[in-house]
Amino acid sequence: MSLVENTQLKLLKEIKNFFSINKKFKNLISRLDYYYLCPYDNSKGTSRLIFFFNKFLSIKIYLIATFRDIYKILKIGKFKILNYNQNKKYNTIVFNWGKNSDFDKKGNFYDKHFNVKSSYCPNILWVVIFLDKNIPRYIGKNIILIYNERKIFNLKNLFKIIFITFFKNKNLNFLNQELSFLTILSNFFLSNTNILLNNKIKKVIMPYEGQPFQNSIFNCVHNYSKNIKTIGYVHSFPSGLPSNYFKRSGSPRKIIVSGDAQKFCFHSHLGWNKNEIKVLPSSRYLKNKIDMKNKIFLPINFNSKTKILSSIKKIAESQKLNLKNFEIKNHPHTSGSKKHESIIFDLRKIIINYSNSSKIKKTNVSIFIGPTASVIEALERNSTVFHICEIPELESYNKKIWKYISSSSIDRNIFKYKLEKKNKLIKFGKNVNLYKSYLQ
């Protein structure tokens, strides 16, 4: 067993112990950013996760997260509920997030996670956390928007949080945890979810990542009624260390995954019982022809350009790769990023330097950087995958946690993966009507 694999397994045990020791803070575990042990973010929860194995990096991320949260708090306004009709009753509520581009001209919402338009399901209520500034001109009848009025500068939220923490809750130890955008969003849903519930509701479902606001919603539903089904859909394959999915206060009663390897991981390492886990073909990843070969995929964020460029060279040299026909795929959310434009410029020079006809031509290679579910998608689409990790303890995949993956290391932060058995990591959906298995 490699050092990284051993560290990952120890981390999962540490996390289990961490939640066990803190179980007396039941409400805080579901509500606070600090307990959202996300392996691919720069939140306070991420810093707590990293504290288990790298205290210096943990403190650095914690300070960055604190300043970032204060900045966000100074910019946000009041959350508003738009298009709410209390007289209309629904059987199912779907919570999700969306942008202007997800709405058509008639105001219908396209849910990319369930691969369906809201107009196809008139008996389902969509509660959409809206991420853009300008709201759609029309909003469908079965859609509610959660909208935040952004401000230029707003001290009100900051003073309110400090006042409530000091004088009402008297919980001074958690003051900095309350100063978090994720926690504020969580508090909003704790105060407002009940108005959406009634005795006709049978199911509440959402694409699930273990975020505080998601667990707060589920907590409200559980307190409202034991008869309402609460379901979290793991819409994207988890990171190498799937710590954000650890079962804890606020977790849904059932969880849907898209492969047998995921079921094994959630049951064996993350505290879920087998009867709480359901395997369904993915409604997001369909069995269509997507070419992921001969490409270098960039992440949404990265820290060391030098380390990444060096790793690309190591892969090319150790595998004798001819990079001539390789394409650089920038992350769709980083268009216009100077940081990404810079690394793309340097990567193109490397591709030219390693476009040697004497080298072996690999036609089924995908290279990924950072934490991304696309690693697993590429494996299921018959690629040989190379994975460059900036924090291998959080990002890399190993067989002890994820069955059916063969992993070998080229360097401490470079891994080569092969698929041992098809359709075990992700079961691709075969048609666009799969949403019925999830929602109806």
Side-chain angles (χ1 to χ4, degrees), residues 4 7-8 36-47 49-51 53-54 56-65 67-69 71-72 209 236-244 292 294-318 321 323 326-354 365-378 383 385-397 407 409-417:
V4 172
T7 300
Q8 287 182 321
Y36 174 45
L37 305 183
C38 182
Y40 50 82
D41 199 2
N42 284 317
S43 66
K44 289 165 185 169
T46 305
S47 74
L49 173 61
I50 292 175
F51 188 81
F53 65 94
N54 189 330
F56 176 78
L57 180 59
S58 170
I59 293 170
K60 178 182 176 182
I61 291 177
Y62 189 85
L63 291 174
I64 292 171
F67 285 114
R68 187 183 66 174
D69 276 331
Y71 175 77
K72 282 186 176 180
E209 298 171 348
S236 184
F237 201 94
S239 292
L241 189 81
S243 46
N244 51 313
M292 302 182 75
N294 290 353
K295 292 178 175 61
I296 299 172
F297 293 86
L298 298 183
I300 193 169
N301 193 25
F302 59 89
N303 295 311
S304 175
K305 182 176 79 168
T306 302
K307 188 174 184 180
I308 291 169
L309 296 175
S310 174
S311 297
I312 295 288
K313 292 177 184 178
K314 284 181 182 178
I315 293 172
E317 290 169 0
S318 66
L321 285 182
L323 300 180
F326 270 66
E327 179 185 355
I328 302 167
K329 299 291 290 184
N330 196 10
H331 195 282
H333 293 160
T334 58
S335 177
S337 164
K338 299 296 183 183
K339 186 178 181 179
H340 285 75
E341 288 174 0
S342 175
I343 196 171
I344 288 171
F345 179 80
D346 290 334
L347 281 172
R348 284 174 179 159
K349 289 194 290 186
I350 291 176
I351 289 173
I352 292 171
N353 291 337
Y354 286 88
V365 170
S366 305
I367 301 175
F368 293 89
I369 301 162
T372 171
S374 297
V375 166
I376 305 303
E377 183 184 0
S383 286
V385 171
F386 294 92
H387 190 194
I388 299 169
C389 303
E390 292 197 282
I391 309 178
E393 294 84 356
L394 305 184
E395 299 167 16
S396 65
Y397 293 88
S407 173
S409 57
I410 295 172
D411 199 49
R412 189 189 178 277
N413 69 305
I414 308 172
F415 300 85
K416 181 180 180 180
Y417 305 131

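As the structure is a prediction and not an experimental result, all values here were calculated from the model. Side chains included, hydrogens not; waters and symmetry mates left out as well; all remaining heavy atoms used.
Taking the side-chain contact (heavy atoms from CB on, under 4.5 Å) definition, one finds that Thr334 meets it with Ile300, Asn330, His331, Ser337, His340, sequence neighbours left out. Under the side-chain contact (heavy atoms from CB on, under 4.5 Å) criterion, Lys349 pairs with Phe345, Asp346, not counting sequence neighbours. Residues passing the side-chain contact (heavy atoms from CB on, under 4.5 Å) test with Ser310 are Lys314, sequence neighbours excluded. Qualifying side-chain contact (heavy atoms from CB on, under 4.5 Å) partners for Glu327, counting only residues two or more places apart in sequence or in other chains: Lys295, Lys329. In this view, Glu393 and Arg412 satisfy the salt bridge (charged side-chain N to carboxylate O under 4.0 Å, His left out) rule, not counting sequence neighbours. Taking the salt bridge (charged side-chain N to carboxylate O under 4.0 Å, His left out) definition, one finds that Glu209 meets it with nothing, sequence neighbours left out.
Across every non-hydrogen atom of Ile61 and Ser43, the tightest pair is CG2-O, 3.8 Å.
Between the CD1 atom of Ile376 and the CZ atom of Phe368 there is a distance of 9.0 Å, given to the nearest 0.5 Å. Atom CD1 of Ile315 and atom CD1 of Ile296 lie 8.0 Å apart (nearest 0.5 Å). Atom CG of Leu37 is separated from atom CG of Asn244 by 8.5 Å, given to the nearest 0.5 angstrom. Interatomic distance, Asn303 CG to Ile308 CD1, rounded to the nearest 0.5 Å: 8.0 Å. Here the OG atom belonging to Ser374 is positioned 12.0 Å from the CD1 atom belonging to Ile369, to the nearest 0.5 angstrom. In this structure, the separation between CD1 on Ile64 and OG1 on Thr46 is 11.0 Å, given to the nearest 0.5 Å.
You'll find the side chain of Val365 reaches within 4.5 Å of the side chain of Phe386, heavy atoms only. In this structure, Ser407 and Phe415 have side chains that are in contact, with non-hydrogen atoms separated by less than 4.5 Å. Within the 4.5 Å cutoff, side-chain heavy atoms of Leu57 are placed close to those of Ile391. Residues His387 and Tyr417 are in side-chain contact: their nearest non-hydrogen atoms beyond the backbone lie under 4.5 Å apart. Two residues are said to be in side-chain contact when any heavy atoms from C-beta on lie closer than 4.5 Å; Leu49 and Pro39 meet this criterion. Side-chain contact between Ile343 and Lys339: absent, with no pair of heavy atoms (C-beta onward) separated by less than 4.5 Å. Residues Leu347 and Phe326 fail the side-chain proximity criterion, which asks for heavy atoms closer than 4.5 Å. You'll find the side chain of Gln8 stays beyond 4.5 Å of the side chain of Pro392, heavy atoms only.
Tyr40 contributes no side-chain N or O that, together with a main-chain N or O of Ser239, makes up a donor-acceptor pair within less than 3.5 Å. Side-chain N or O atoms of Glu390 include none that pairs as donor or acceptor with a backbone N or O of Lys307 at under 3.5 Å.
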Inset, instruction - Report the C-alpha distance between Val4 and Ser409 in whole Å, list the side-chain angles of each, state the deciding distance to 0.1 Å, and finish with yes or no for side-chain contact (heavy atoms from CB on, under 4.5 Å). - result: CA-CA 10 Å; Val4 172; Ser409 57; over 6 Å; no
Inset, instruction - Carefully, step by step, assess Ile50 and Phe53 under the rule side-chain contact (heavy atoms from CB on, under 4.5 Å). - result: CA-CA 6 Å; Ile50 292 175; Phe53 65 94; 4.2 Å; yes
